[in-house]
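Beneath this line is the structure, given in structure tokens, with notes to follow.
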Amino acid sequence: MVTTQAASVLRGSPYRADCPTRRILDRIGDRWTVLIVGALSDGSARFSELRRRVEGISQKMLTQTLRGLERDGIVSRTVHPEVPVRVEYALTEAGRTLREPLRALEEWSIAHLGDVSASQKAYDRED
């Protein structure tokens, strides 16, 4: 029999400190995750292609983020036994379901860029 507390954890409540959904939200809310999922939205890419598409990401951060996304089942890594070896990254089925909500956040940030910028300037003048 599943206890009420165990059922709550299985269902998920990211507002609880001990809930695993909080870790998932940390992953998908990370700026590099958002950009990498966007960069992979049109299909698979090699590491060097991703690094060019996601300007400003370091090699170390791209490696760490891709490993985390692979561990979480959001990105797949395929090694092609060629000379030289070719490695491609692609969104998994779960990763593809993230495209729409993350695209909505991207569109929101573009649509509200002027408002946010004006608010920041007004706030900074008050200090």
message: With clusters defined by side-chain heavy atoms of hydrophobic residues (ILVMFWY) lying less than 4.5 Å apart, directly or transitively, does L25 cluster with L102?
response: yes
query: What's the spacing between R31 CZ and L105 CG if we round to 0.5 Å?
result: 15.5 Å
Output a table of donor-acceptor pairs, distance under 3.5 Å, between side-chain atoms of residues 76-86 and any protein atom two or more places apart or on a different chain; print 'none' if there are none.
residue: S76; atom: OG; partner: A90; partner atom: O; Å: 3.4
residue: R77; atom: NE; partner: Y89; partner atom: OH; Å: 3.4
residue: H80; atom: NE2; partner: E88; partner atom: OE1; Å: 3.2
residue: E82; atom: OE1; partner: R86; partner atom: NE; Å: 3.2
residue: E82; atom: OE2; partner: R86; partner atom: NH2; Å: 2.9
residue: R86; atom: NH1; partner: E88; partner atom: OE2; Å: 2.9

Audit row: I36, L69, side-chain contact (heavy atoms from CB on, under 4.5 Å) steps and yes/no: CA-CA 9 Å; I36 290 169; L69 291 170; 4.0 Å; yes
- prompt: Taking all atoms of both residues into account, what is the closest heavy-atom pair of A39 and V54, and its distance?
  reply: CB-CG2, 4.0 Å
message: So, taking the atom named CZ in F47 and the one named CG in L66, what distance separates them when rounded to the nearest 0.5 Å?
response: 6.5 Å
- request: Quick one: closest heavy-atom pair of L98 and I28, and the distance?
  value: CD1-CG2, 3.6 Å
query: Any side-chain heavy atom of R23 sitting closer than 4.5 Å to one from P20?
result: no
statement: Separation between CZ (R27) and CG (D72), nearest 0.5 Å, reads 4.5 Å
- prompt: For R103, what residues pass the side-chain hydrogen bond (donor to acceptor under 3.5 Å, both in side chains) criterion, not counting sequence neighbours?
  reply: none
field: Under 3.5 Å: donor-acceptor pair, side chain of S117, backbone of L113
entry: no
- request: Check whether any side-chain heavy atom of L91 lies under 4.5 Å from a side-chain heavy atom of V37, and answer yes or no.
  value: yes
task: Quick one: pull up CZ in R125 and CD in Q120 and give me the separation to the nearest 0.5 Å.
output: 11.5 Å
task: List the steps, then state whether side-chain contact (heavy atoms from CB on, under 4.5 Å) holds for W32 with L62.
output: CA-CA 8 Å; W32 299 124; L62 181 56; over 6 Å; no
Heavy-atom pair with the smallest gap, counting every atom of C19 and G12: SG-CA, 3.7 Å
message: Is any side-chain heavy atom of I57 closer than 4.5 Å to one of L35?
response: no
task: Decide yes or no on side-chain contact (heavy atoms from CB on, under 4.5 Å) for V75 and T92, but give the supporting numbers first.
output: CA-CA 5 Å; V75 166; T92 62; 5.6 Å; no
- prompt: Between CZ of R51 and CE of M61, what distance do you get to the nearest 0.5 Å?
  reply: 12.0 Å
- request: Compare all side-chain heavy atoms of R71 with those of R67 and state whether any distance is below 4.5 angstrom.
  value: no
message: Tell me which one of R53, R46, R52 satisfies salt bridge (charged side-chain N to carboxylate O under 4.0 Å, His left out) with E49.
response: R53
- request: Could you pull out the closest heavy-atom pair between G73 and A94, with the gap in Å?
  value: O-CB, 3.8 Å
